[in-house]
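What follows is one structure encoded as structure tokens, with my remarks underneath.
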Number of protein chains: 2
Amino acid sequence: MSDRKDANEVTADDVAQAAGVSRWTVNRAFKPNASISAKSRQTVMEAAEKLGYAPNLLAASLASDRSNLVALLVDDFSNPHKLVMMERLTRVLRKNGWDTLLVNMLDKDDAPGALLSASQRRVDAAILIGVQFDDDVLSAALGARRVKKLIIFARNSENPDTISISVDDHAAMTEIADYVMGRDYQRPFFLAGPQTKSAHLTRQEAFVARWQEHRGMTPEVADVPSYDPGMAYSAIIDRLSERQPDAFPDVIVCENDALAIGAMDALRHHFNLRIPEDVAVTGFDDVPAAANPNYRITTYRQPITRMAERLVTLLSGELEQTENQQFLGQMVIRNSA
Amino acid sequence: MSDRKDANEVTADDVAQAAGVSRWTVNRAFKPNASISAKSRQTVMEAAEKLGYAPNLLAASLASDRSNLVALLVDDFSNPHKLVMMERLTRVLRKNGWDTLLVNMLDKDDAPGALLSASQRRVDAAILIGVQFDDDVLSAALGARRVKKLIIFARNSENPDTISISVDDHAAMTEIADYVMGRDYQRPFFLAGPQTKSAHLTRQEAFVARWQEHRGMTPEVADVPSYDPGMAYSAIIDRLSERQPDAFPDVIVCENDALAIGAMDALRHHFNLRIPEDVAVTGFDDVPAAANPNYRITTYRQPITRMAERLVTLLSGELEQTENQQFLGQMVIRNSA
DNA sequence: ATCACATTTGCTCGCGCGTGCAAAAAATCT
DNA sequence: AGATTTTTTGCACGCGCGAGCAAATGTGAT
């Protein structure tokens, strides 16, 4: 079948012929810093335009062993913050010439499969923006040299073979703790996300440590099996029902906004409490819903765009750095605390 | 540089040698319905396992002109429903052996660029789940044979070169209209999304038509420049401020939940109205937030998974069908109306 | 054991482009 | 103008695999 010719699959050879140059000159015309004269580049581009040619990135990747493709591994679509991260990441990546393979980690045990998918497409890097990445899984993936680079985005990792780009959780949570103490709350309650092996609970630890240091008492802590408002809602109800008023927390510090939203819903609609008059709440991430009039969450905004830009420099290999990258974000004071 | 060998890039040839068969037998072992004996498949798989081999999909795509890759073009990350769609689509696609290239359409004029990106990776199909796809853009893309298939997901399109997979908007909205009339609301207000050329406003038209038919009057209509709760919030305030109580709508029918959320926030927090006692609200999509205790939106759930499954059969070429696919969803009655 | 037929295996050629170097052309200098 | 340097262009080879066919092997009936 001459299907390809029929289907108008124009190759560099066709353009070369039309422009009266060699195929290599054609491909050079499409390569930003190639050694080519302005004149022939223009000739080529005109011919290419006319024929509707665009380089086949499959062939280019195969030949060069660089794909300019990264895999985005996501395992947690219930957290609205993921949408924000995906938007920012794909935007910054695309602006810098990178394409994104979105890989849905179907369940907890799918990490190897997801990594395999990515590696079969020969991605230059895998970026993890999920939560349930086990150190074992990561090491296995790296051991088999499944992917060239593994980057944990917006989350800390202490795995030495991995680079993480994240906010400085310790500094951020200390700031939140200080703010809460400054408002003179007395009975804090920390609502954490899933307790995994890989994600070290820096936020929780930082908050607890700060509180102990200044108030000499250990805040109460509870965890939720996933960063899902619905789960947080149930967790709060389970944990705080049948509690005497004087044992009820006066501020709930949440590991992120997804949890904060669930907590606020539970406080208002199940316990009939006012926020922040009866109980205050803080979040983390500054998701879009945090700004809406229902919630108005006092939270902490991560500099996602800057983090994504750092990611790009890291991908380009400009940064030889293999140590984790930490960023400072900023507190956003609203009405919930 | 012998970088590749160093990097442990094991190819089918290596496995073939280890297993004592030819390279083609190795590749056949990885192809589900290939002509190969069970015995040699096992031999191959064991050798492959030991060497850590997995087929290079880049090379396979190049040679076969099929990539098993689809591009997901998204231009509207502010609507939380997109997260749901992405999760379902990537899940179903991956289960069926398809990978997903996530392409962020950076702005209104980026459609050609996004399509180009996709085509350079030789995707087998481009799936549009955004909103601002202009018919002109689509035609241009198809005219240049940029992509083999163009599929509009969860949205109608009347472009003849395009296949859309969507819910039957007319039936759905008629059902909502009947529900609203059954509850005896008198002054409906329809809140629509962006008015584009390509997206025919089936929901709005269906609602208006139904209302006219049964009540002999034309509902008031307003539109919002994007499916963003924040925009809907402002739009409602702009449109309904300084209006006499008897001219105020008693039900706001929204084109989707993103708008409904914004509308509810505005009604409650700006106008100090109760929902549904003072004003009722309906949505569409049944996003996760629609179920949370703050909103409890009466809405309409699209059968996204079934739609995604249809998409897969369409991609596999099992369906020769080129006409649009319509699905029926189901109304979800909650408290907002 | 022989033949007819079905199943399995091997192989040639090509997919479209990049790498690294050598040849050609252009620019600069004496 | 001729010699030298710099820029630009062309090319052999390979990236890893698939289509389609030919050779080899296996199966069952006679």
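- Across all strands, F30(B) comes closer than 4.0 Å to no nucleic acid atom at all (heavy-atom distances).
- Between the C1' atom of dC15(D) and the CG atom of D13(B) lies a distance of 12 Å, rounded to the nearest Å.
- Whole-Å rounding puts the Q120(B) CD to dC15(C) P distance at 19 Å.
- Between the P atom of dG16(D) and the CZ atom of R66(A) lies a distance of 17 Å, rounded to the nearest Å.
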- Query: Nucleotide by nucleotide, 5' to 3', does protein get under 4.0 Å of the base (B), only the sugar-phosphate (S), or neither (-) in nucleotides 7-14 of chain D, counting heavy atoms?
  - Reply: -BBBBB-B

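- Across the protein-nucleic acid pair, L58(A) atom CG and dC15(D) atom C1' stand 12 Å apart, rounded to whole Å.
- Judged by distance alone, the side chains of S316(A) and T313(A) never bring a donor and an acceptor atom under 3.5 Å apart.
- Look at CD on Q17(A): it is 16 Å from C1' on dG16(C), rounded to the nearest Å.
- In terms of heavy atoms, A48(B) sits closest to F30(B) at CB-CZ, 3.8 Å.
- Dashed line: the shortest gap from a side-chain N or O of N27(A) to OP1 or OP2 of dG18(C) is under 4.0 Å.
- Looking at every heavy atom in both residues, Y53(A) comes nearest to V26(A) through CE2-CG1, 4.2 Å.
- Straight-line distance from the CG atom of N56(A) to the C1' atom of dG14(C): 14 Å, rounded to whole Å.
- In plain terms, the two heavy atoms of S226(B) and S78(B) that are nearest each other are OG-OG, 4.2 Å.
- For A60(B), there are no side chain to side chain contact (heavy atoms under 4.5 Å, CB included) partners at least two apart in sequence or on another chain.
- Other residues, nucleotides and ligands contribute at most 12 non-hydrogen atoms within 6.0 Å of the CD atom of Q17(A).
- Put simply, CG on L62(A) is 9 Å from P on dC17(D), counting in whole angstrom units.
- Atom-to-atom, CG of N33(B) to C1' of dG18(D) comes out at 16 Å; the value is rounded to the nearest Å.
- The side chain of K31(A) places an N or O atom within less than 4.0 Å of a non-bridging phosphate oxygen (OP1 or OP2) of dT19(C).
- Between the side chains of Q120(A) and N56(B), no donor N or O sits under 3.5 Å from an acceptor N or O.
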